[in-house]
There are 2 protein chains.
Amino acid sequence: MHHVNTLFMGSSRKARLYGGMDAEERRAERRLKLINAAVEVYGEVGYRGATVKAICEAAELTERYFYESFANSEALLIAAYNHVVGHLHDEMAAAANAAGHDAEQRLRAALTLYFTRLKQHPKPARVFLLEISGISAAVDAVKLDALRDFSDLLVPAIDAKRGDRNSTAALLSSGMVGAVITIALRWVSKQYPQTIEDVVAIAAGFCRVALTEAGKNRLRSV
Amino acid sequence: MHHVNTLFMGSSRKARLYGGMDAEERRAERRLKLINAAVEVYGEVGYRGATVKAICEAAELTERYFYESFANSEALLIAAYNHVVGHLHDEMAAAANAAGHDAEQRLRAALTLYFTRLKQHPKPARVFLLEISGISAAVDAVKLDALRDFSDLLVPAIDAKRGDRNSTAALLSSGMVGAVITIALRWVSKQYPQTIEDVVAIAAGFCRVALTEAGKNRLRSV
DNA sequence: ACGTTTTGACAATCTATCTTGTCAGATACC
DNA sequence: GGTATCTGACAAGATAGATTGTCAAAACGT
């Protein structure tokens with residue numbers, strides 16, 4: 001995979017430093033620069049319009065470093081998506097926890113953070129909402145995973161029903177996430193005409209369907 | 001655009017017949033064959049994996065006829081989408097009308113037809129649900145139009161609020177359609193694990209949010 | 001039957017991008 | 001300062017698919 005240029009060095013010995021960083025650190029930095037550049041470029045011309053060359057220029061790197069960190073464009077898209085989603089998910093979880101134990105309160109806190117970030121950072125929002133769809137089966141799988149995480153975050157009760165055969169919980173979960181994302185998509189693409197409070201209220205309305213249905217099913221199964 | 005080979009004929013005179021059809025009819029038939037072939041091929045390899053050549057082979061036509069009817073692949077995708085959506089929309093409207101005047105009854109009738117068709121025809125379903133996303137701005141616009149039509153069909157009350165500035169009705173509409181489509185997407189991609197009745201019930205739950213909210217707003221504004 | 005139109009097969013061109021390779025110059029270590 | 005490593009710019013090859021063009025054979029009208 002990568003050149004082992006420390007062949008005759010002790011394993012504890014660091015590789016030659018450049019700019020104060022060893023080989024690994026430099027590689028990691030370049031990887032991150034490429035991810036951030038990709039988010040920028042996707043935000044401007046879309047994933048499909050983004051060439052390797054353009055992303056490398058935005059990252060101030062040359063093509064060789066692209067292939068050092070990613071096998072192909074798709075791998076970078078996935079990395080960029082996971083990067084964006086990872087941050088968002090962590091922040092939403094923190095916001096929910098800060099809101100206490102009431103499911104409704106936690107939901108509203110998470111949604112408020114979600115829409116706030118979408119408004120603050122339109123380009124990552126675009127990657128998260130738009131670019132990720134319809135690229136390939138592999139990318140779709142990554143997306144599905146992420147959406148399941150969000151669903152569990154918003155309405156943990158749904159998670160409990162997951163084991164059931166032919167469960168309708170998965171459909172509830174899909175519907176909820178689909179509603180929220182589609183609302184977000186429209187809000188973002190129309191350049192945020194409504195207040196965050198209004199958007200959250202509407203999105204919460206759809207989440208409440210899943211919340212109450214999941215609750216119902218739990219009571220019934222006890 | 002097209003060759004005018006009737007230059008010296010009276011305008012009522014038909015072009016030479018082939019297979020009992022005049023030039024226009026043959027062109028229309030080829031166009032339709034291409035659309036149907038495209039739906040087939042998209043259903044197998046996706047829009048992105050579908051080459052002009054493959055679609056022409058499936059249609060038993062050669063490339064020249066592709067460019068006779070469509071400027072490029074995107075134009076064919078749009079035509080195929082509109083073809084699929086047109087049928088579906090008409091059928092849903094008929095089902096709703098057959099169900100009478102009660103909004104809830106009409107909603108369930110339309111949804112039942114929707115999910116029934118998705119199960120009967122997986123390949124058009126794929127075009128309608130999946131392939132249409134994330135191709136280009138032009139395609140997205142076509143999709144948005146179609147979704148608005150569906151929203152108006154399911155909950156006409158939303159339509160009434162359309163005029164309002166910064167209206168939240170558009171978001172309600174988006175959320176509802178997003179929920180239904182995402183539910184459909186999952187149901188289709190998991191090969192229909194739940195009964196149609198269950199899926200309709202869950203989808204209707206999300207639509208009811210839009211239904212009651214739209215009703216609320218109407219009362220308030222009277 | 002004859003000439004014209006239409007068709008089908010396929011070659012040729014064109015374009016765009018990915019991907020790999022080369023090489024001179026810069027940078028760090030000793 | 002000398003040497004090994006790393007970097008940036010860019011060329012070159014490879015690939016894939018869209019789009020246009022050619023031509024002979026088939027289908028039609030008269």
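Only a predicted model underlies this, so the values are computations on that prediction, with no experimental measurement involved. Naming convention: chains lettered A, B, ... in sequence-line order (proteins, then strands); numbering from 1 in each chain.
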Check your understanding: Roughly, in whole Å, what's the span from CE in B:Met21 to C1' in C:dT7?
Key -> 13 Å

Give me the distances for all protein-to-nucleotides 8-13 of chain D N/O pairs that come in under 3.5 Å?
unit_1	atom_1	unit_2	atom_2	d
D:dG8	N7	A:Arg64	NH2	3.4
D:dG8	O6	A:Arg64	NH2	2.2

Exercise for review: Only counting residues at least two apart or in another chain, list the ones meeting side chain to side chain donor-acceptor pair (under 3.5 Å) with A:Arg117.
Suggested key: A:Glu91, A:Gln120

Check your understanding: Do the rings of A:Tyr192 and A:Trp187 sit parallel, tilted or perpendicular, given the 30° and 60° boundaries?
Key -> perpendicular

Point to revise | Check: B:Asp22 main-chain N/O paired with B:Glu25 side-chain donor or acceptor under 3.5 Å | key: yes

Review point. With sequence neighbours left out, what residues match B:Tyr47 under ring-ring contact (aromatic ring centres under 6.0 Å, His included)?
Key: B:Tyr42

Point to revise | For atom NZ of B:Lys53 and atom C1' of C:dT13, their distance in whole Å | key: 16 Å

Exercise for review: With DNA chain D as reference, determine whether B:Gly19 or B:Phe66 sits nearer its 5' end, using the nearest nucleotide of each.
Suggested key: B:Phe66

Practice item. Go through the N and O atoms of the side chain of B:Tyr18 and the base of C:dT6, and report whether any donor-acceptor pair is under 3.5 Å. Key: no

Review point. Once you round it to whole Å, what is the distance between C1' of C:dT15 and CG of B:Asn72?
Key: 15 Å

Review point. B:Glu68 has an atom CD; how far is it from atom P of D:dT20, in whole Å?
Key: 14 Å

Exercise for review: Quickly work out the A:Tyr67 OH to D:dT7 P distance and round it to whole Å.
Suggested key: 19 Å

Point to revise | Check: B:Arg16 side chain, D:dC28 base, donor-acceptor under 3.5 Å | key: yes

Check your understanding: Considering residues at least two apart in sequence or located in another chain, which fulfil the side chain to side chain donor-acceptor pair (under 3.5 Å) criterion with A:Glu63?
Key -> none

**Study point:** Spacing of B:Glu57 atom CD relative to C:dG8 atom P, expressed in whole Å
**Key:** 14 Å

Exercise for review: Using the test side-chain contact (heavy atoms from CB on, under 4.5 Å), find all partners of B:Ala138 that sit at least two apart in sequence or belong to another chain.
Suggested key: B:Glu74, B:Ser136

Revision key, fill the gap. When rounded to whole Å, the CG to C1' distance for the pair B:Leu76 and D:dT19 reads 15 Å

Check your understanding: side chain to side chain donor-acceptor pair (under 3.5 Å) with A:Asp145: which residues, sequence neighbours excluded?
Key -> none

Exercise for review: Measure from CD on A:Glu74 to C1' on C:dC18 and round the result to the nearest Å.
Suggested key: 14 Å

